[in-house]
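These notes concern the structure reproduced below.
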Amino acid sequence: MLPHSFLAAAAAFRAVKAIKSAAVWGNMAHLCIKNKRLDVAEHCLGKMENARGARAAREARSIAELDARVASVAVHLGMVEDAKKMYVAADRFDLLNKLYRASGAWDKALEIAEKHDRIHLKVGAGRVAAWGGGVRGGGGLRSTTGYTSSCGQGCRCKGGGRGEE
């Protein structure tokens, strides 16, 4: 039985080694994320020449929860919805908040911060007040007063909760 399984493994290795298409490696990386196999996903990312994704896979080794590690790599493969679900499953609302802030979803980031990740509430509210809330939306600083007063930073926050500069 052992020689037969060894021959099957050798044939599988030769078949995988012959793959040259980045699209095939990408599909395999997606399957690895679905199956939570980061070791194989890191190899696929390397074959895809996705340096940022491979780096994320290496850096994810320091995260304790498996779902959070997988989610941090899933983001680099464009699987953002799956990553959100995995962050919630791992109770890593800090990383979910960081994902929302990085994607510009400030309202969702503040909602997560208010409910689950209170330590990042000042950071999120202050940034919404300074950049995201009203300034880019054309509403001016007056529309950000709700965010600045909830952040608790007082006068240090742009607008200071009073609609001033």
Side-chain angles (χ1 to χ4, degrees), residues 22 25-42 44-46 48-165:
W25 285 112
N27 289 334
M28 288 175 60
H30 281 262
L31 288 173
C32 291
I33 294 299
K34 297 280 186 188
N35 293 321
K36 299 181 182 178
R37 290 291 311 266
L38 284 181
D39 55 337
V40 182
E42 187 175 351
C44 293
L45 288 164
M48 290 170 54
E49 297 179 359
N50 185 338
R52 288 184 180 159
R55 179 179 179 191
R58 284 192 306 275
E59 289 175 353
R61 293 178 189 159
S62 64
I63 300 173
E65 298 85 1
L66 175 63
D67 281 342
R69 285 195 304 263
V70 174
S72 65
V73 177
V75 170
H76 288 277
L77 289 170
M79 302 171 69
V80 177
E81 293 302 318
D82 293 330
K84 291 175 188 177
K85 290 175 188 173
M86 287 185 246
Y87 282 141
V88 170
D91 288 332
R92 290 302 302 263
F93 295 104
D94 58 328
L95 296 174
L96 179 60
N97 190 345
K98 186 177 178 181
L99 175 64
Y100 281 138
R101 285 186 283 142
S103 64
W106 294 101
D107 291 332
K108 289 181 182 180
L110 282 174
E111 181 182 331
I112 292 295
E114 288 171 353
K115 291 181 182 176
H116 304 286
D117 187 31
R118 302 278 309 168
I119 198 163
H120 289 108
L121 185 58
K122 287 184 179 183
V123 173
R127 288 188 179 157
V128 165
W131 300 293
V135 178
R136 276 195 287 180
L141 290 176
R142 292 219 182 266
S143 66
T144 65
T145 57
Y147 292 120
T148 56
S149 61
S150 71
C151 80
Q153 290 182 351
C155 294
R156 290 181 285 159
C157 207
K158 191 170 188 176
R162 297 184 300 268
E164 312 168 353
E165 282 194 81

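In plain terms, the two heavy atoms of N97 and A113 that are nearest each other are ND2-CB, 3.5 Å. Taking both residues in full, the closest heavy atoms of L45 and A57 are given as CD1-CB, 4.4 Å, listed atom of the first, atom of the second, then distance. Here the shortest heavy-atom pairing between C32 and V40 reads SG-CG1, 3.3 Å.
No side-chain heavy atom of D94 sits less than 4.5 Å from a side-chain heavy atom of Y87. In this structure the side chain of D82 never reaches within 4.5 angstrom of the side chain of I33, judged on heavy atoms. By the 4.5 Å heavy-atom criterion applied to side chains, S72 and I63 are counted as neighbours. Taking the side chain as every heavy atom from C-beta outward, L66 and M86 never approach each other to under 4.5 Å. Using a 4.5 Å heavy-atom cutoff, the side chains of N35 and H30 are not in contact.
Checked by atom type and distance alone, the side chain of R69 pairs as donor or acceptor with a backbone atom of A64 at under 3.5 Å.
We find that R92 and D67 are not joined by a salt bridge, their nearest charged nitrogen and carboxylate oxygen being 4.0 Å or further apart. Taking 4.0 Å as the cut-off between side-chain N and carboxylate O, E42 and R61 count as a salt-bridged pair. Look at E81 and K85 and you find no salt bridge, because none of the NZ, NE, NH1 or NH2 atoms lies under 4.0 Å from a carboxylate O.
In this structure, CG in L95 is found 14.5 Å from NZ in K84, a value given to the nearest 0.5 Å. For the atom pair CZ of R101 and CG of L110, the computed distance is 9.5 Å after rounding to the nearest 0.5 Å. Atom CG of N50 sits about 12.5 Å away from atom CZ of R55, to the nearest 0.5 Å. Atom-to-atom distance recorded for L99:CG and K108:NZ is 10.0 Å, nearest 0.5 angstrom.
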(message) Applying salt bridge (Lys or Arg N to Asp or Glu O under 4.0 Å) to E111 and K115, what does each step give before you reach the verdict?
(response) CA-CA 6 Å; E111 181 182 331; K115 291 181 182 176; 3.4 Å; yes
